[in-house]
Number of protein chains: 2
Amino acid sequence: MTNDLMSIRQMCDAFEVTPRTLRFYEAKELLFPQRDGTRRLFTRRDRARLTLILRGKRFGFSLEDIRQILDLYDRDGSNHAQTIRTYELAQQRLAQMEAQHAELGVAITELKSELDAGGAMIAGLRRAAE
Amino acid sequence: MTNDLMSIRQMCDAFEVTPRTLRFYEAKELLFPQRDGTRRLFTRRDRARLTLILRGKRFGFSLEDIRQILDLYDRDGSNHAQTIRTYELAQQRLAQMEAQHAELGVAITELKSELDAGGAMIAGLRRAAE
DNA sequence: AGAGTGCTTGACGTTAACGTAAATGTAACG
DNA sequence: CGTTACATTTACGTTAACGTCAAGCACTCT
């Protein structure tokens with residue numbers, strides 16, 4: 001079964017990250033591994049947090065965003081106002097993502113049409129080169 | 001009418017970029033303004049190139065990519081092999097953009113469903129904070 | 001004891017595309 | 001000639017998220 005405490009290597013293997021990354025997250029106060037003398041021991045809580053960190057990254061949140069969200073719940077997991085703020089943060093991020101998605105769609109369409117048209121961009125380049 | 005030679009400020013106003021940007025592009029060999037003593041004078045050719053640079057940026061090309069493409073045509077605008085290479089570069093970039101677009105779509109869907117579900121991410125955070 | 005393995009901290013390096021500040025030049029206005 | 005307005009070069013600063021050494025413990029095996 002999954003031991004409650006994991007070494008840095010076990011963590012790396014389990015989450016496919018480098019030791020540097022875990023130390024970096026600790027330095028940024030995203031993780032708080034215990035110590036066995038000098039060595040880090042990651043707890044179940046660290047693993048839960050790391051899961052959320054990686055998930056947040058997939059959503060395009062910055063580590064700083066993630067840290068803030070995590071901190072809100074560290075201070076008071078039952079604070080409704082903070083839950084709301086987290087929601088808002090997520091909604092904002094969602095809006096950004098949707099805008100980005102749309103823009104990218106437009107750019108793709110443009111680029112495609114230029115390629116289909118025999119390369120207006122290339123024609124443009126030709127003009128640019130005189 | 002549009003004068004054939006433009007000062008750096010006229011260029012900035014016309015293209016909504018900063019002087020720093022134009023000097024930077026010159027340093028990167030994307031533009032080659034003439035000189036009136038010490039001052040830069042941008043030609044029609046520079047404007048055509050800048051148009052393409054900005055277009056390329058909208059498509060997500062790096063300045064280095066753009067410079068290479070521009071250079072290909074500077075050397076020989078009629079070289080068919082180079083036209084092909086430019087095409088390929090554009091196709092590659094298009095593929096990247098489509099992949100990115102798709103990924104973003106997935107992330108949006110995920111984030112939305114978590115928000116709709118009452119915030120699995122938030123629930124997750126709650127768990128993480130214990 | 002020596003070797004090997006894994007972990008630690010510390011600190012500088014990387015990348016892109018400019019921003020920003022300092023010191024200086026020069027052209028035109030009054 | 002003095003000031004104002006814009007131009008120029010040089011060069012360090014910025015941002016994110018780690019990468020990449022370097023030097024040195026801590027254990028274990030032999």
Side-chain angles (χ1 to χ4, degrees), chain A residues 3 5-43 46 49-70 89 93 96-97 100 103 107, chain B residues 3 5-43 46 49-70 89 93 96-97 100 103 107:
Chain A
N3 196 335
L5 296 178
M6 286 170 66
S7 74
I8 198 168
R9 181 108 307 275
Q10 291 176 315
M11 287 292 282
C12 291
D13 292 344
F15 290 90
E16 297 189 90
V17 295
T18 68
R20 180 69 177 94
T21 298
L22 295 177
R23 295 189 191 113
F24 182 75
Y25 289 169
E26 182 183 1
K28 290 285 175 183
E29 305 195 357
L30 288 159
L31 297 177
F32 309 93
Q34 298 176 7
R35 293 301 175 115
D36 167 24
T38 169
R39 294 179 182 175
R40 288 171 178 76
L41 287 179
F42 294 83
T43 66
D46 288 313
R49 290 177 73 98
L50 182 53
T51 297
L52 289 164
I53 291 166
L54 298 178
R55 182 186 298 177
K57 285 198 62 181
R58 286 211 322 281
F59 291 160
F61 287 96
S62 70
L63 291 181
E64 177 55 22
D65 281 346
I66 295 171
R67 192 190 59 74
Q68 285 181 32
I69 295 176
L70 250 28
L89 223 171
R93 180 61 200 150
Q96 280 176 30
M97 288 165 68
Q100 198 180 329
E103 274 183 58
Chain B
N3 197 335
L5 296 178
M6 287 170 65
S7 73
I8 199 169
R9 182 109 305 277
Q10 291 176 316
M11 287 292 283
C12 291
D13 292 345
F15 291 90
E16 297 189 87
V17 295
T18 68
R20 179 68 177 97
T21 297
L22 295 178
R23 295 189 190 113
F24 182 75
Y25 290 169
E26 183 182 0
K28 290 287 177 183
E29 305 194 2
L30 288 159
L31 298 177
F32 309 93
Q34 297 175 6
R35 294 301 176 114
D36 168 25
T38 170
R39 294 180 180 173
R40 288 170 179 78
L41 287 179
F42 295 84
T43 66
D46 289 313
R49 291 178 73 98
L50 183 53
T51 299
L52 289 165
I53 291 166
L54 298 178
R55 182 186 299 174
K57 286 198 60 181
R58 287 211 321 280
F59 291 160
F61 286 96
S62 70
L63 291 182
E64 177 55 20
D65 281 346
I66 295 170
R67 192 189 59 74
Q68 285 181 31
I69 295 175
L70 250 27
L89 222 171
R93 180 61 201 151
Q96 282 176 29
M97 286 166 70
Q100 197 181 332
E103 276 183 57

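Per chain, numbering begins at 1; letters A, B, ... match sequence-line order. Just the heavy atoms: all of them, side chains too, but no hydrogens, waters or symmetry mates, feed the values below.
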* Asked: Given atom CG of L41(B) and atom C1' of dA7(D), what is their separation to the nearest angstrom?
  -> 12 Å
* Asked: Between the main-chain N or O of Q10(A) and the side-chain N or O of D13(A), is there a donor-acceptor pair closer than 3.5 Å?
  -> no
* Who passes side-chain contact (heavy atoms from CB on, under 4.5 Å) against S62(A), sequence neighbours left out? -> E64(A), D65(A)
* To do: Give, for atom CD of Q96(B) and atom CZ of F59(B), the distance between the pair rounded to the nearest 0.5 Å.
  => 14.5 Å
* **Separation of dG6(C) P from D13(A) CG (nearest whole Å)** => 11 Å
* To do: Specify the separation, in whole Å, of atom CZ of F42(A) and atom P of dC7(C).
  => 10 Å
* Which whole-number value in Å describes the distance from D36(A) CG to dT8(C) P? -> 10 Å
* **Any side-chain heavy-atom pair of I53(A) and R67(A) under 4.5 Å** => no
Sequence neighbours left out, cut at 3.5 Å: what donor-acceptor pairs do the side chains of residues 22-32 of chain B make with other protein atoms?
unit_1: E26(B); atom_1: OE1; unit_2: R40(B); atom_2: NE; d: 2.5
unit_1: E26(B); atom_1: OE1; unit_2: R40(B); atom_2: NH2; d: 3.3
unit_1: E26(B); atom_1: OE2; unit_2: R35(B); atom_2: NH2; d: 3.2

* Output the distance between atom CZ (R49(A)) and atom OG1 (T51(A)), rounded to the nearest 0.5 Å. => 11.5 Å
* Length of the CD1-P vector between I8(B) and dC6(D), whole Å -> 13 Å
* **Contact state string [nucleotides 9-24 of chain D, B base, S sugar-phosphate only, - no protein heavy atom under 4.0 Å]** => B-B-----BBBB----
